[in-house]
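Worksheet for the structure shown next.
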Amino acid sequence: MNAFNPSIDARPGGLPTTIPEYLEHLRRSLAGADPALVQDALYDAEEYLRSELAENPGKSEADVIVAVAGSYGAPDEVADIYRDTEVKVQTALRPPAPKPRRSWMGHFFGVIAEPRTYGALFYMLLSLAIGIFYFTWVVTGLSLSAGLAVLIIGVPFVILYFGSIRVLSLVEGRIVEAMLGERMPRRPLYSSRGQPLLKRIGELFTDPRIWATQLYFLFMLPLGVAYFTIAVTCLAVSLSLIAAPVGLMLGLGSDLVVDNWYLAVDGEPWMWPFVMLAGVLLLFVTLHVARGVGYLHALLAKHMLVKTAQYD
């Protein structure tokens, strides 16, 4: 008896007889895999099976599944292929591992050689613009949806707006994966396209990930302001501390302002090395903060944008 679905093994060949059963079997076969990988696999499988069904209108879903089992594979076989391919792809895309560092100085200063550091820092700088766009899109979309709900034109507008949330969720996932290194879906959520149109529209509004995505987009504005402010402030202060002694040595006298305290380094050459050292240390602290922010934000994006509840 099959541990995933007892009814599957009761049929000849142990193959599902409907596309939803095939997808359910595939989902369970991928139990424990990355949720983003599961979402991609389910979307690809449904697209392939439904395209085969459309090209063979005289065949039932069971006949199509049997016919493609030899080429596309049974659910267990497809799951194994996706797991193996994911390992190969992630190995190829993963940046070279840094040399192991045992000392605390190596860990502290080694952050400058890690590519993800700069991706996270750039994401912090970009997050303000992204946050403003997402926040504006959601607030405008929800406001117009509520205002147009009493009109006939409001129905297609609401459907288009909720559909756009899925598209933007996929776009944000690609940004997060490229800059922060977290595996995100490369395909949209699969849907039960065999269901009646009204039921599919209803599922669009009741999908918890749609609402979680909108909440994430609203969060992005305050998070973007915080990320941008931290990154710009820390970079400006650290680079100013580093550049000030250089400017003074070149004869460009000026006062350096840090937190409203004036460091009169002009005329005090003995302070220049300490000021520059403080700037270098603050710069490395900024890079570590960027790495930490990138790691935590990637977890937040993974939790709110990927349909994790479906794959538990």
Side-chain angles (χ1 to χ4, degrees), residues 1-31 33-86 89 152-171 173-174 185-210 213 306-307 309-311:
M1 188 67 67
N2 192 302
F4 298 129
N5 191 335
S7 63
I8 291 178
D9 286 339
R11 293 185 289 269
L15 288 174
T17 58
T18 65
I19 293 178
E21 286 181 356
Y22 186 100
L23 297 175
E24 175 64 16
H25 195 157
L26 177 58
R27 182 183 71 83
R28 295 185 180 276
S29 298
L30 287 168
D34 191 297
L37 170 65
V38 178
Q39 180 171 315
D40 292 346
L42 291 173
Y43 182 88
D44 290 340
E46 184 176 22
E47 280 291 299
Y48 183 81
L49 292 174
R50 293 200 181 278
S51 64
E52 289 292 324
L53 185 64
E55 292 177 2
N56 298 275
K59 292 185 178 181
S60 65
E61 291 186 5
D63 294 334
V64 170
I65 292 174
V66 172
V68 303
S71 57
Y72 191 76
D76 292 337
E77 297 172 337
V78 173
D80 291 337
I81 292 173
Y82 269 89
R83 289 180 187 273
D84 294 340
T85 303
E86 181 70 8
V89 171
I152 296 179
I153 193 177
V155 176
F157 177 85
V158 173
I159 295 174
L160 289 175
Y161 165 70
F162 275 78
S164 72
I165 294 297
R166 282 188 171 179
V167 175
L168 288 177
S169 174
L170 196 62
V171 172
R174 304 310 304 135
R186 294 152 193 170
R187 312 282 191 281
L189 283 170
Y190 79 98
S191 58
S192 302
R193 273 160 278 187
Q195 300 293 335
L197 178 61
L198 292 179
K199 185 173 181 180
R200 289 169 53 192
I201 294 175
E203 290 178 351
L204 185 67
F205 298 130
T206 57
D207 184 355
R209 288 299 99 180
I210 292 288
T213 299
V306 184
K307 200 169 184 179
Q310 184 172 344
Y311 309 130

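The CD1 atom of I165 sits 13.0 Å away from atom CG of L170, with the distance rounded to the nearest 0.5 Å. Of the inter-residue distances, the one linking L37 atom CG with R187 atom CZ reads 10.5 Å to the nearest 0.5 angstrom. Separation of atoms CD (E24) and CG (L42) is listed at 9.0 Å; rounding is to 0.5 Å. Atoms CZ and CZ, on F162 and F157 in that order, are 10.5 Å from each other to the nearest 0.5 Å.
Of all heavy-atom pairs between G73 and V78, the closest is O-CG2, 3.6 Å. When all heavy atoms of R174 and R186 are compared, the pair lying nearest together is NH1-CG, 3.5 Å. Across every non-hydrogen atom of P35 and V306, the tightest pair is CB-CG1, 3.5 Å. When all heavy atoms are compared, the tightest approach of D76 to S29 is OD1-OG, 2.6 Å.
In this view, A45 and Y22, L23, L26, Y72 satisfy the side chain to side chain contact (heavy atoms under 4.5 Å, CB included) rule, not counting sequence neighbours. With sequence neighbours excluded, no residue satisfies side chain to side chain contact (heavy atoms under 4.5 Å, CB included) with S51. Scored by the side chain to side chain contact (heavy atoms under 4.5 Å, CB included) test, L53 finds I19, E61, V64 as partners (sequence neighbours excluded). With sequence neighbours excluded, the residues satisfying side chain to side chain contact (heavy atoms under 4.5 Å, CB included) with S169 are T213, L305. Contacts of D80 classified as side chain to side chain donor-acceptor pair (under 3.5 Å), with partners at least two apart in sequence or in another chain: none. Checked against side chain to side chain donor-acceptor pair (under 3.5 Å), R83 has no partners two or more places apart in sequence or in another chain.
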Is there a side-chain contact (heavy atoms from CB on, under 4.5 Å) between D207 and R166? Walk through the geometry before answering. CA-CA 11 Å; D207 184 355; R166 282 188 171 179; 3.2 Å; yes

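Of the possible donor and acceptor atoms, one in the side chain of S164 sits under 3.5 Å from a partner among the backbone N and O of Y161.
Residues I65 and E21 form no side-chain contact, since every pair of their non-hydrogen atoms from C-beta on lies 4.5 Å or further apart.
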